[in-house]
Amino acid sequence: MPAQAAHLRFADLRRRFGRLRVLTGVSGEVAPGEALLVNGPNGSGKSTLLRILAGLLAQERGTVELSQDGRVLDLSERRRSLGYVAPDLALYEELTAFENLEFFARLRGVPAERGRELLDRVGLPHDRPAGALSSGMRQRLRWAWALLDRPRLLLLDEPFQNLDRAGIEQGTELLEEHLDAGGLAVVANPGPLEVPRVRSRIELGL
Amino acid sequence: MSGRASSWASEAAAVFVKDWRCELRTRYALNTLGLFALTTLIVVSFVLGPVGAVPELAVTVLPVVLWLIVLFAVTAGLPRVFVAEEETHTATALRLAATPSALFCGKLLYGLTVVVALEALITPLFAVLVKMPVARPGLLAAALLAGGYSLAAGSTLVAAMVAQARTKSALFAVLLLPVLVPGLLFAVQLTRIAVSGEVPGQELRMLLLYDGTLTVAGFMLFPFVWNP
C-alpha cells in the first residue's frame, strides 16, 4: 500500500522528434485514488507522454510535478516512486521470472519475498526464464515488476496488451487495489478501456 | 556503514551479480574476449616465435604486443555491458530502478573481473609461447591489475556513452582509444620494467593516478550520460 498520498500535475508538455510535433501543450492532473485515461490513435504521442511523466524522456517545454506531502519530488525520486508497464519495457531473458524480480527488489530495497508474492498473484511460474515466457506471460511479469515496491504512481501504456480474459480481470483488480490504497494511475490506450475510477481523460490526435 | 551507503553497495553488488549470472548463461563476452585473445596469441607466437630469448626484443617488443592483445580483446567484448541493455530494452527498467552511480560501480566491477580473468588466462600463455622473461613478477601483476582497471573503467564509461547511439561499434572505438592511451602507455612502461628488472620510477603511481581520475570522471559523468 502506498505509504503517503501523492499528487501528479503536468502542464503544457511539448515534444518534437525532428520536425514532427508529437505533443503540443498537454496538461493534466491526477489526485490520490484517481486514474487519468489517455486515448488516441497510434502515433498520437501516448507513449511519449508516459515516458516524459516517467522521466525517461525529456520534454522540450512544460512541467511535470509528482508531489508527496506537498513536496515536489526530484527526477530521481520520481523515477523510483513509480511503476511502469509498457510494450518497450523488457526484463532479462536469461534470468527466470523470480530472478528478475529478485534483482529489481534488491535495487529498490524491497524483500525478495515480495517478488514471490507477486508472481503467485499474477499466476507466473517462478523458475521459467523470462525469454521462454509467452507474450501474455511477459505482460503479467511487467505488471508484477511495476508493483514490486508498491509505487505511488502507476504509468500504464496499453496495460492489457496480449492478456487473456483472466489476465485482464487480474490487471483491473490490481489497478483497483492500487487506487484503493490512494495510489495514482495514468493509463494510455489506443481505444476505449474499462478502467476503474477514471476522473479525467485526455484525447490526443495526430 | 550507514543505511544509505549499505543500500548503495547492495545495489552495486546486485548489478555485478546480475551481469555475471547473465554472462555465465550466454557466455557472450567470455567467448568473444577469449577467442579473440587466443587467436591473436597463437598468430603472434607463430610469427614472432621465442623472441623473448633475445633480451633487447623481450624488453622493447613483448610488453607492447601483450597489451595490444588485451586491448583489442577488450574492445571486442566489453561494449556489450551497456549496449545489450539498450538493444534488449532492459535499460528502461534499470533507469527506473537503479541509482546511476551504483549501476556504474556494478558494471565497472563486472568489467574489471572480466579483464582480470582475461589477463590471468593470456599472460602465462603469452610468457610461455614467446619466452617472455619476468624479472619482477610482483610489478607485472601490479601492471596487469592497474592497467586492467584502466581498460575496464574507460570502456565502461565509453560503452555507456555510445549505448544510445546508432553507430555504436565505430563510435566506441573512436571514443575509447583516446581515453585509454594514457593508461596504456603507463601499463606498457611498467610491464617493460617488470620484464627488464630495471628500478621502477613513477610509472605505477602515474597509472594509479590515471585510474583514480578515470574513476572520478566516470562517477561524475555517468548520471548525465545515462539519464535522458
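We use all heavy atoms of the structure for the numbers below, so side chains are in, but hydrogens, waters and symmetry mates are not. Just so it is clear: chains get the letters A, B, ... in the order the sequence lines come, proteins before strands, and each one is counted from 1. Bear in mind that the values here come from a model prediction, so they are computed numbers and not experimental data.
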Visitor: I would like to know whether A/Phe103 and B/Val15 meet side chain to side chain contact (heavy atoms under 4.5 Å, CB included); could you show each step before the answer?
Guide: CA-CA 8 Å; A/Phe103 166 58; B/Val15 172; 4.2 Å; yes

Visitor: What are the sub-3.5 Å donor-acceptor pairs between chain A and chain B, distances to 0.1 Å?
Guide:
{"residue": "A/Arg79", "atom": "NH1", "partner": "B/Asn227", "partner atom": "OD1", "Å": "2.5"}
{"residue": "A/Arg79", "atom": "NH2", "partner": "B/Asn227", "partner atom": "OD1", "Å": "3.4"}
{"residue": "A/Arg80", "atom": "NH1", "partner": "B/Ala97", "partner atom": "O", "Å": "2.8"}
{"residue": "A/Arg80", "atom": "NH1", "partner": "B/Thr99", "partner atom": "OG1", "Å": "3.2"}
{"residue": "A/Arg80", "atom": "NH2", "partner": "B/Glu11", "partner atom": "OE2", "Å": "3.4"}
{"residue": "A/Ala90", "atom": "N", "partner": "B/His89", "partner atom": "O", "Å": "3.2"}
{"residue": "A/Tyr92", "atom": "OH", "partner": "B/Lys18", "partner atom": "NZ", "Å": "3.3"}
{"residue": "A/Tyr92", "atom": "OH", "partner": "B/Glu85", "partner atom": "OE1", "Å": "2.6"}
{"residue": "A/Tyr92", "atom": "OH", "partner": "B/Glu85", "partner atom": "OE2", "Å": "3.2"}
{"residue": "A/Glu94", "atom": "O", "partner": "B/Arg25", "partner atom": "NH1", "Å": "3.0"}
{"residue": "A/Glu99", "atom": "OE1", "partner": "B/Arg25", "partner atom": "NH1", "Å": "2.6"}
{"residue": "A/Glu99", "atom": "OE1", "partner": "B/Arg25", "partner atom": "NH2", "Å": "3.4"}
{"residue": "A/Glu99", "atom": "OE2", "partner": "B/Arg25", "partner atom": "NH2", "Å": "3.0"}
{"residue": "A/Arg108", "atom": "NH2", "partner": "B/Leu96", "partner atom": "O", "Å": "2.8"}

Visitor: Could I get the full list of ring pair (Phe, Tyr, Trp, His ring centres under 6.0 Å) partners for B/Phe72, not counting sequence neighbours?
Guide: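 With neighbours one apart ignored, the set is empty.
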
Visitor: Against chain B, label A/Leu91 side chain, backbone, both or neither, depending on which of its atoms sit under 4.5 Å from a heavy atom there.
Guide: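 Both backbone and side chain.
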
Visitor: To the nearest 0.5 Å, tell me how far A/Phe104 CZ sits from B/Leu94 CG.
Guide: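 Spacing of CZ (A/Phe104) from CG (B/Leu94) equals 5.0 Å.
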
Visitor: Against chain B, label A/Leu148 side chain, backbone, both or neither, depending on which of its atoms sit under 4.5 Å from a heavy atom there.
Guide: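 Neither part, no heavy atoms under 4.5 Å.
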
Visitor: What residues of residues 137-148 of chain B sit under 4.5 Å from chain A when only non-hydrogen atoms are counted?
Guide: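 Residues of residues 137-148 of chain B touching chain A at under 4.5 Å: none.
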
Visitor: Would the number of heavy atoms belonging to other residues, nucleotides or ligands and lying under 6.0 Å from CZ of B/Phe46 be above 12?
Guide: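 No, not enclosed.
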
Visitor: For residues 137-151 of chain B, which residue pairs pass the salt bridge (Lys or Arg N to Asp or Glu O under 4.0 Å) check, not counting sequence neighbours?
Guide: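 Matches after skipping sequence neighbours: none remain.
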
Visitor: With a 4.5 Å limit on heavy-atom distance, are the side chains of A/Leu107 and B/Leu103 in contact?
Guide: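 No, side chains not in contact.
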
Visitor: At their closest point, which heavy atom of B/Ala93 faces which heavy atom of A/Ala90, and how far apart are they?
Guide: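 Closest approach of B/Ala93 to A/Ala90, heavy atoms only: CB-O, 4.3 Å.
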
